[in-house]
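Let me begin by presenting the structure, written as structure tokens, before commenting on it.
Hydrogens, waters and symmetry mates are skipped; everything else that's a heavy atom, side chains included, is used. Both counts, for ligands and for their atoms, begin at 1 and track the order of listing.
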Amino acid sequence: MSDSHSHIFRYSFDKEDLTAYQGWPERYVKQPQVLAYLQHIVERHDLRRDLQLETALLGAHFDEENNVWEVETSRGNFTVRYLITALGLLSKSNVPEIPGLDTFKGEMYHSSQFPDHYNFSTKRVGVIGGGSTGVQIITAVSKNVGRLISFQRHPQYSVPAGDEPISKEERDKINRDWDKIWDHVWNSITAMGVNESTTPAMSVSAEERHRIFQEAWDKGNGFRFMFETFSDITTSEEANEAAAAFIREKIAEIIKDTEKRRLLTPHDLYARRPLCDAGYYQAFNQENVDIVHLGETPIVEVTPNGIRTSAEEYELDALILATGFDAVDGNFNRTKIHGRHGTSLKEHWQYGPSSYLGVFVPGFPNMFMLTGPNGPFTNTPPIIETQGDLVTKLIAEGEGQAVIEATTQAESQWTQICREIANKTLFWKLDTWIFGANIPGKPRTVLFYLGGMQNYRAKIAEMVEEGYTGLKITKSIAQTGG
Ligand code: NA7
């Protein structure tokens with residue numbers, strides 16, 4: 001399930017389709033609905049003739065003489081003027097290196113390979129990981145499972161998602177308000193459709209704070225709880241602790257068993273990606289759902305029959321790895337992309353990935369990244385659309401012949417801006433995928449522009465207005481069939 005609201009987890013550009021398309025009956029879209037929407041977009045805009053599926057990018061190198069990219073794929077080579085990467089923010093699975101993992105005899109799935117059909121009704125299921133995905137899987141699987149054991153290193157703060165059907169009246173209103181809705185998305189921090197607060201948490205009384213937290217809790221959505229309540233939950237430790245304490249109170253009310261409650265109560269900052277759920281803490285009130293806190297009793301090994309921690313051995317029939325992704329640059333590291341002078345992207349990014357605006361990398365002319373490193377940390381479809389629009393405009397204005405490349409100075413200034421903003425947030429204090437800190441051996445670095453969608457778009461608008469500052473644009477004389 002996406003936790004961006006269904007009506008803005010899509011493209012804004014086709015108003016007629018926004019109004020007519022019926023495939024989102026609830027507040028949040030589920031995976032089959034996302035897939036169906038993308039297929040619908042492909043059909044509606046006749047994109048299939050331009051798609052070649054089942055084709056892996058193996059490598060690409062920039063031919064400086066002809067100003068083209070020579071691209072090697074699993075199904076042949078191509079010469080192209082422009083190389084646009086859309087390799088996904090969260091698509092390279094993180095399968096942890098746990099001793100004995102490959103000896104497990106039962107069913108085993110990473111969350112990204114979760115089966116369409118499953119029946120765990122009589123099975124003993126272990127879930128490793130408790131991020132957005134783990135929380136959703138635990139909640140869903142607990143409804144019909146023999147026994148479920150959640151193995152967690154860090155218990156998390158989660159608030160209700162508030163998923164529910166969209167009534168006809170609400171849908172009609174959304175259809176009347178599309179302009180306003182998108183205007184709000186483009187001019188917000190999170191692009192999530194929440195009304196971001198401008199009030200610091202400590203500027204109101206304790207009673208008022210409680211009322212505001214309760215209201216957000218009742219409406220549902222993690223981003224709403226973090227951003228619509230107060231303006232400084234992600235920047236002030238005092239405000240953050242107030243939000244965390246409110247959620248801890250809720251956990252104490254919900255979870256009956258004192259030991260499970262203790263193990264599931266977080267005490268660190270509320271500064272991971274905000275989560276929401278459909279009855280996650282409630283699931284642990286079932287006798288057949290249990291929690292193992294790996295901070296107290298770490299996994300020693302996976303055995304053919306289950307998991308052995310420092311305290312106990314748990315027999316399992318199925319193991320689900322909700323262990324996340326090698327985010328942002330993970331998929332780039334699987335390809336061999338070489339720019340000017342044969343320099344590889346890997347070499348260019350040896351101290352951590354960098355870019356200008358999340359799209360351009362100096363030394364890699366005419367390579368444009370959608371959702372590349374140091375792009376905004378927001379609802380994702382609006383990022384894709386914003387960056388897609390910019391790239392399309394650049395290509396069109398150069399009549400498909402221009403050579404477009406970021407300057408080194410623009411890249412270092414943008415990297416500096418991203419670092420300075422990240423440093424001011426509490427997110428920076430925890431080791432999560434937002435900073436590449438979930439992958440052993442990966443440099444911990446800033447991977448996102450945390451300045452919000454509105455500021456990001458303002459930076460792009462300013463760059464365009466000033467005649468594409470930070471980009472070197474020359475006209476190519478060489479012709480290519482690509
Ligand atoms: P996340 O948010 O990275 O969560 C992964 C979880 O897996 C998290 O609880 C990790 O614990 C845990 N993990 C990772 N490696 C291990 C090992 N080796 N042992 C035990 N536990 C481990 O990934 P999600 O898929 O939930 O969400 C990713 C994003 O996708 C999500 O935010 C949405 O934006 C879409 P940790 O907290 O690191 O201790």
Give the residue and atom name of whichever protein heavy atom lies nearest to [atom], and the separation in Å to one decimal.
{"atom": "atom 36 (P) of ligand 1", "value": "H154 ND1, 3.5 Å"}
{"atom": "atom 35 (C) of ligand 1", "value": "L90 CD1, 3.6 Å"}
{"atom": "atom 18 (N) of ligand 1", "value": "P96 CB, 3.2 Å"}
{"atom": "atom 19 (N) of ligand 1", "value": "R153 NH1, 3.8 Å"}
{"atom": "atom 23 (O) of ligand 1", "value": "G324 CA, 3.2 Å"}

Tell me yes or no: between the side chains of [X] and [Y], is some donor less than 3.5 Å from an acceptor?
{"X": "E107", "Y": "Y109", "result": "yes"}
{"X": "Q152", "Y": "S150", "result": "yes"}
{"X": "T303", "Y": "N305", "result": "no"}

Practice prompt. Out of G131, P440, G129, indicate the one that has the non-hydrogen atom closest to atom 12 (C) of ligand 1.
Written response: G129

Item to complete: Please find out if less than 6.0 Å separates the ring center of H45 from that of F13.
Response: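 Centroid separation for H45 and F13: below 6.0 Å.
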
Discussion item. Between H5 and F223, is the ring centroid distance below 6.0 Å?
Written reply: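 No: the rings miss the under 6.0 Å criterion.
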
[X] contact mode with ligand 1 (heavy-atom cut-off under 4.0 Å):
{"X": "I128", "result": "side chain"}
{"X": "E97", "result": "neither"}
{"X": "T133", "result": "both"}
{"X": "A327", "result": "neither"}
{"X": "F325", "result": "side chain"}

Discussion item. Would D163 and K30 count as a salt bridge (charged side-chain N to carboxylate O under 4.0 Å, His left out) here? Give the steps.
Written reply: CA-CA 11 Å; D163 195 16; K30 318 302 178 302; 2.9 Å; yes

Worksheet item: Does even one non-hydrogen atom of R272 get within less than 4.0 Å of ligand 1?
Response: yes

Fill in: A322 touching ligand 1 at heavy-atom level, < 4.0 angstrom
yes

Numbering the atoms of ligand 1 from 1, which are under 4.0 Å from a heavy atom of [X]?
{"X": "G130", "answer": "6 (C), 8 (C), 9 (O)"}
{"X": "R273", "answer": "31 (C), 32 (O), 33 (C), 34 (O)"}
{"X": "L294", "answer": "20 (C)"}
{"X": "W433", "answer": "1 (P), 2 (O), 3 (O), 28 (C), 29 (C), 32 (O), 34 (O)"}

Worksheet item: Taking only residues two or more places apart in sequence or in another chain, which ones pass salt bridge (Lys or Arg N to Asp or Glu O under 4.0 Å) with R10?
Response: none

Worksheet item: Hey, does L51 have a side-chain heavy atom less than 4.5 Å from the side chain of V42?
Response: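 Side chain of V42 against side chain of L51, heavy atoms only: contact under 4.5 Å found.
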
Discussion item. Do M453 and I383 make a side-chain contact, defined as non-hydrogen atoms from C-beta onward lying under 4.5 Å apart?
Written reply: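 They are in contact (side-chain heavy atoms under 4.5 Å apart), so the answer is yes.
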
Worksheet item: Does N438, backbone or side chain, put an N or O under 3.5 Å from an N or O of ligand 1?
Response: no

Fill in: S132-ligand 1 polar pair, N/O distance under 3.5 Å
yes

Worksheet item: How long is the span from the CZ atom in R248 to the OH atom in Y270, to the nearest 0.5 Å?
Response: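 It comes to 12.0 Å.
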
Worksheet item: Residues two or more places apart in sequence or in another chain: which of them pass side chain to side chain donor-acceptor pair (under 3.5 Å) with R171?
Response: N175

Worksheet item: Within 45° of the six-membered ring axis of W428 and under 6.0 Å from that ring's centre, is NZ or CZ of R444 located there?
Response: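 Ring-cation test returns yes.
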
